[in-house]
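All remarks here apply to the structure that follows.
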There are 2 protein chains.
Amino acid sequence: MDIQLKRGLLDVCVLASIKSKDSYGYKIIKDLKPYISLSESTLYTILKRLETANMLTVKTAEHNGRLRKYYHITEIGLKRIEDFKDEWKEIMSIYQFVTKEDEQSE
Amino acid sequence: MDIQLKRGLLDVCVLASIKSKDSYGYKIIKDLKPYISLSESTLYTILKRLETANMLTVKTAEHNGRLRKYYHITEIGLKRIEDFKDEWKEIMSIYQFVTKEDEQSE
DNA sequence: CGTAATACATCGTATCACGAAGTATGCGTA
DNA sequence: TACGCATACTTCGTGATACGATGTATTACG
């Protein structure tokens, strides 16, 4: 997918991937892969950004003797997803503008 | 609309605005306003980019004693719009992923 | 004559996705 | 043991790009 199109979609995707259950970096990438692929450097940048924006919290926990960072969505993060649904209406109208056939010009 | 979300949408919007009829800078901004707003500096940057990518051609013409630059879409530009329709399928699947309610987690 | 609308252009800045590279651990296998 | 591989997270530099600010110039209107 076009890199420009991914912007604005990525943040919400990451939030959606931890919405129902806390998750961690490596798993998020795998879960998102069928929909949108992102590199590790991209993901950790996003996670840090979302943390700064208080959309998620981080908790380090041990798993199999190794440390993992688990990410938990906040109310603000949930609201971000809701806001996206509103933005979607605008995107739909743009889509219709772009794809409409101009009958009068034929 | 979120600035990140606009990226990737803007180019195609501009192309769509000149698809059926040649247009010029100021008019493009006005035509797009109901769907997506962009500043002049942004538009001229985009127009130059699309010209470099051979997605449109420019022709300077006189209008009311003043020079105007008219933009005309090319085959490559039209193809860009078609490609966008394909990308749309991916975007739709992302939308469904983001908005799906997780029944199993309730 | 002054103001607004029209029309195009340039510059600097902030945001951001990504590749490359690095660090470290656990596990299977030869 | 030694090696490769998957897991897991981090840092750095770069290129793309939307935008505000600013500038130039003309036409239209009162």
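Within every chain, numbering begins at 1; the chains are lettered A, B, ... in the order of the sequence lines, protein sequences first and strands thereafter.
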What parts of residues 82-92 of chain A reach DNA chain D, counting only heavy atoms under 4.0 Å away? none
Is B:R7 near enough to D:dT17 that one of its side-chain N or O atoms lies under 4.0 angstrom from OP1 or OP2? no
Whole angstrom value for the distance that separates P of D:dT24 from CZ of B:R68: 23 Å
Salt bridge (Lys or Arg N to Asp or Glu O under 4.0 Å) partners of A:K85, counting only residues at least two apart: A:E82, B:E101
Does one hydrophobic cluster hold both B:M92 and A:I94, with members joined at side-chain heavy-atom distances below 4.5 Å? yes
Test of understanding: with side chain to side chain donor-acceptor pair (under 3.5 Å), list the residues that count as partners of A:S41, not counting sequence neighbours. A:S39
Excluding sequence neighbours, so at least two apart, what forms side-chain contact (heavy atoms from CB on, under 4.5 Å) with B:T60? B:L67, B:K69
Out of curiosity, A:R7 CZ to B:L5 CG, how far, rounded to the nearest 0.5 Å? 12.0 Å
Please list all pairs meeting side chain to side chain donor-acceptor pair (under 3.5 Å) that have one or both residues in residues 90-99 of chain A, counting only residues at least two apart or in different chains. none
Pairs: protein N or O with nucleotides 11-13 of chain D N or O, under 3.5 Å:
| from | atom 1 | to | atom 2 | distance (Å) |
| --- | --- | --- | --- | --- |
| D:dT11 | OP2 | A:K48 | NZ | 3.3 |

Tell me, please, the opening and closing nucleotides of DNA chain C, 5' to 3', among those with an atom under 4.0 angstrom from a non-hydrogen atom of chain A. C:dT15 to C:dG26
Here the ring-ring contact (aromatic ring centres under 6.0 Å, His included) pairs for residues 7-48 of chain B, sequence neighbours left out, are A:F97-B:Y35, B:Y24-B:Y70
Between the protein and nucleotides 27-30 of chain D, which nitrogen or oxygen pairs come in under 3.5 angstrom?
| from | atom 1 | to | atom 2 | distance (Å) |
| --- | --- | --- | --- | --- |
| D:dT27 | O4' | B:R66 | NH2 | 3.0 |

Identify whether the distance between the nearest side-chain nitrogen and carboxylate oxygen of A:D31 and A:K27 falls below 4.0 Å. yes
Rounded to whole Å, please give me the gap between OH in B:Y26 and C1' in D:dT26. 12 Å
Only counting residues at least two apart or in another chain, list the ones meeting salt bridge (Lys or Arg N to Asp or Glu O under 4.0 Å) with A:E75. none
A:D83: what forms a side-chain contact (heavy atoms from CB on, under 4.5 Å) with it, not counting sequence neighbours? A:K79, A:R80
Heavy-atom nearest nucleotide on DNA chain D for B:S39 versus A:K27: which residue maps closer to 5'? A:K27
Mapping A:Q4 and A:L67 to their closest nucleotides on DNA chain D, which lands nearer the 5' end? A:L67
In short, A:I73 meets A:I18 closest at the heavy-atom pair N-CD1, 3.7 Å
Which residues satisfy the salt bridge (Lys or Arg N to Asp or Glu O under 4.0 Å) test with B:K89, sequence neighbours excluded? B:D86
